[in-house]
Amino acid sequence: MIDLRSDTVTRPTGPMRAAMAAAEVGDDVYGEDPTVRALEERVAGMFGFEAALFTVTGSLANLLAVRLLVAPGEEVLCESQAHIARAELGAHAAVSGVTTRTWVGERGSVDLAAIEALFAPDVSPFLVHTAAVSVENTHNFGGGTVLSLDDLRAVRAFADRAGIGVHLDGARIWNAHVATGVTFEAYGAVADTMSVCLSKGLGAPVGSLVLGSEDQMRRAREWRKLLGGGWRQAGVLAAAGLYALDHHIPRLVEDHARARRLADAAGGDPASVDTNMVVLDVQDAATFVRACEEEGVRTGMVGPRSVRLVTHLDVTEEDTEKACDVLARLAGHAA
Ligand SMILES: *Cc1c(COP(=O)(O)O)cnc(C)c1O
């Protein structure tokens, strides 16, 4: 079975497992796991932040980051399809008392005029005060879309004028970097807090990080513990992340090229593929997904007429060719 549902389905490679087995570990709740500390220092440094905190999921990293910028009773602005609004099951409201208001951006893009129009200054206690803007790069439900650095800088400049924070959900920032050549530091510079995932394109089995100042990370560590997310010899997982950072970033260009080929084979527009995701418009997504599955290709239904394909570390050249054949055959009937 060729699994194109998500880049989260990868399994750790042999050398990654060897790195995990060899990891030096300690009790991370005491701050004594050397491999976790090495990972946190390395990722913070890559993006130009003072500190980072290793978390079990990207959802937890986002939850902690938004909570650092937005107090209970305040709001964060984000795009209508943002992961924090659509795919974290209301955690920011349920756990942190934070609400969202959204703008609608073409494929998840930034709309500065809309953000400016949504912004609510602090006139406590009458209106919910906007405390932060959250942007997502690449944009998952936008179809792996890369946000332009100019747009991100414009959000930063607006937030500075308004006196509010910027969170960057960078679950797939690696893909954005590889697709554009924009440095990790340039992306980091637009945000007060940031999250990154090791368990997507990078192929680690578990793990994300939240990035911010020393003081922010001290508080995030307390909230992570409060939420039951403190862990002990997590260095075995951090080792997988360090291995992925060493070996799995440049190869993302292959995922991007394969995604364009899949789009082309399915009769879509390869130029609309920014990174490792393809969104296909079909007559009936459920039927299309079932037909692909019968031919040995797993795809994901993301809407009644919308199917998503994601390339990743476990999709080989041979898999790509086979999937292209299947898609070319089925898309002809389904379009
Ligand atoms: C995957 C993802 C996350 C985090 O997901 P988890 O499954 O909680 O690790 C956050 N933001 C975006 C944009 C994502 O794609």
Side-chain angles (χ1 to χ4, degrees), residues 3-10 12 39 43 47 52-69 76-92 94-96 98 100 102 105 107-110 132-147 152 166-179 187 191 193-211 220 223-224 227-229 231 234 237-238 240-241 244 252 255 259 274-279 300 302 308-313:
D3 199 340
L4 301 176
R5 287 173 303 171
S6 173
D7 48 9
T8 56
V9 301
T10 57
L39 175 70
V43 176
F47 290 91
L53 181 72
F54 189 36
T55 61
V56 66
T57 59
S59 296
L60 181 56
N62 280 339
L63 184 67
L64 296 171
V66 170
R67 182 63 187 81
L68 285 165
L69 300 177
V76 56
L77 304 181
C78 61
E79 203 280 324
S80 63
Q81 304 265 42
H83 197 279
I84 65 164
R86 276 199 73 196
E88 295 173 10
L89 309 190
H92 302 271
V95 177
S96 304
V98 167
T100 51
T102 57
R107 301 190 64 210
S109 60
V110 166
V133 179
S134 179
V135 287
E136 186 175 311
N137 194 22
T138 65
H139 196 295
N140 182 344
F141 298 118
T145 333
V146 175
L147 302 189
L152 293 170
V166 175
H167 173 60
L168 171 56
D169 179 348
R172 294 188 180 80
I173 198 72
W174 329 102
N175 299 82
H177 160 72
V178 164
Y187 282 134
T193 58
M194 187 172 172
S195 63
V196 301
C197 285
L198 304 168
S199 58
K200 308 256 167 99
L202 292 195
V206 173
S208 289
L209 295 104
V210 54
L211 283 59
W223 289 330
R224 185 187 66 173
L227 293 165
W231 44 11
L237 299 173
L252 291 171
D255 293 349
D274 283 358
T275 55
N276 67 331
M277 293 188 188
V278 182
V279 180
V302 289
R308 191 180 76 162
L309 316 172
V310 188
T311 53
H312 51 75
L313 187 61

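Quantities reported herein were computed from a predicted structural model and do not represent experimental measurements. For ligands, and for the atoms within them, numbers begin at 1 and follow the listed sequence. The basis for the numbers below is simple: all heavy atoms, side chains too, and nothing from hydrogens, waters or symmetry mates.
- No side-chain heavy atom of His83 sits under 4.5 Å from any side-chain heavy atom of His139.
- The shortest side-chain heavy-atom distance between Val56 and Arg224 does not fall under the 4.5 Å cut-off.
- Ligand 1 has a nitrogen or oxygen under 3.5 angstrom from a nitrogen or oxygen of Arg172.
- In summary, the atoms of ligand 1 found under 4.0 Å from a heavy atom of Asn62, numbered by their order in the structure, are 10 (C), 11 (N).
- Of the protein's heavy atoms, at least one falls inside 4.0 Å of atom 15 (O) of ligand 1.
- Here Asn140 has side-chain heavy atoms under 4.0 Å from ligand 1, and that is the only part of it that gets that close.
- With 3.5 Å as the limit, one finds no donor-acceptor pair spanning the side chains of His312 and Thr10.
- Under a 4.0 Å criterion applied to the non-hydrogen atoms of Glu136, ligand 1 contributes the atoms 13 (C).
- Side-chain contact between Asn175 and His177 is absent, with no heavy atoms from C-beta onward closer than 4.5 Å.
- You'll find the side chain of Val278 stays beyond 4.5 Å of the side chain of Thr311, heavy atoms only.
- At under 3.5 Å, not a single nitrogen or oxygen of Ser208, backbone or side chain, sits near a nitrogen or oxygen of ligand 1.
- For Glu88, no nitrogen or oxygen atom sits less than 3.5 Å from a nitrogen or oxygen atom of ligand 1, counting backbone and side chain alike.
- The nearest protein atom to atom 8 (O) of ligand 1, hydrogens excluded, is given as Ser59 OG, 2.6 Å; this is a heavy-atom distance.
- A side-chain N or O of Asn140 and one of Arg308 form a donor-acceptor pair less than 3.5 Å apart.
- Under the ring pair (Phe, Tyr, Trp, His ring centres under 6.0 Å) criterion, Trp231 pairs with Phe54, sequence neighbours left out.
- Of the protein's heavy atoms, Asp169 OD2, 2.7 Å lies nearest to atom 11 (N) of ligand 1.
- Counting heavy atoms under 4.0 Å from ligand 1, residue Ala171 touches it through the side chain alone.
- Using a 4.0 Å cut-off to heavy atoms of Lys200, the atoms of ligand 1 that qualify are 1 (C), 2 (C), 3 (C), 4 (C), 5 (O), 14 (C), 15 (O).
- Distances from atom 12 (C) of ligand 1 to the heavy atoms of Arg86, Met277, His83 show the closest one on His83.
- Residues Arg86 and Ser80 fail the side-chain proximity criterion, which asks for heavy atoms closer than 4.5 Å.
- Side-chain contact, Asn137 with Asp169: no donor N or O sits under 3.5 Å from an acceptor N or O.
- For ligand 1, one of its N or O atoms has an N or O atom of Gly58 under 3.5 Å away.
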